[in-house]
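The structure appears below as structure tokens.
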Amino acid sequence: MFDSPLTAEYLAHWQSLRHDARPPTTEDYFDHISVRAAPLLLMFECTAADVTLRYQGTRIVQRWGKDRTGESWLAGKPPAAAAAILANMRDCVGHPCGAFSKSTYVTKHGRALNLESLTLPLTAADGRPGRLIALSNVQDPVDERDGGVGRVERNRFGWFDVGFGVPSHDVRQNR
């Protein structure tokens, strides 16, 4: 299923931290973080109205040219796209399930790179908003001369079963 060994390693690490058939806790995940995956991770906090980026790995900061930690993930997105993203992320937290995508990441200078992403739920402490951890794995070497983010062309996007099944509806498209 995965093109990259790192994506398979990331999933195996997440699975190793599960307790009592529940997703790992946020604390367990970060106390035992995968050093290889950490620079490519994003952690989101999901509420009823917004998604906040709570962690952004260093390679993603470099790729995007900006640290967005603490910012709304939905800010600046068209309303329909923001609503789809929020609903998908809330489904991942509430079901719980993961989401998987294979995309083509096109740099500002037009170079196409393969991007494999896997988003997985984390259990939050009582009373805390739900959380997701996501690996954003560009499989080709990124060069500073590429000029950063251009656009992402999604080739495949769907739910990923982590042992609890998946929602009965398809993933909402957020274009």
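In this chain, residues are counted from 1 in sequence order.
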[X] versus [Y], closest heavy-atom pair with distance:
X	Y	result
P121	C92	CB-O, 3.7 Å
S136	I60	CB-CD1, 3.9 Å
V51	M89	CG1-SD, 3.4 Å
G163	D161	N-OD1, 2.7 Å
I33	A38	CD1-CB, 3.9 Å
R172	A84	CB-CB, 3.9 Å

Do any N or O atoms from the side chain of [X] and from the backbone of [Y] form a donor-acceptor pair under 3.5 angstrom?
X	Y	result
H13	H32	yes
E45	P129	no
N137	E116	no
W14	L122	no
R90	T47	yes

Would you say [X] and [Y] make side-chain contact, with heavy atoms under 4.5 Å?
X	Y	answer
S34	Y10	no
C97	F164	no
T119	F160	no
R128	T26	no
F30	L41	no

Looking at residues at least two apart in the chain, or sitting in another chain, which of them share a side-chain hydrogen bond (donor to acceptor under 3.5 Å, both in side chains) with [X]?
X	result
S72	D50
K66	E71
T52	none
E9	R36

When rounded to the nearest 0.5 angstrom, what is the spacing between [atom1] in [X] and [atom2] in [Y]?
X	Y	atom1	atom2	result
L42	R68	CG	CZ	9.5 Å
L120	L17	CG	CG	11.0 Å
D28	T123	CG	OG1	9.0 Å
S117	R156	OG	CZ	12.5 Å
L53	L74	CG	CG	11.0 Å
L11	L118	CG	CG	6.0 Å

ring-ring contact (aromatic ring centres under 6.0 Å, His included) partners of residues 77-98, not counting sequence neighbours, each pair once
none
Does anything in residues 67-87 pair up under ring-ring contact (aromatic ring centres under 6.0 Å, His included), and if so which pairs, sequence neighbours excluded?
F44-W73, W64-W73
Check this for me: D170, atom CG, are more than 12 non-hydrogen atoms of other residues, nucleotides or ligands nearer than 6.0 Å?
no
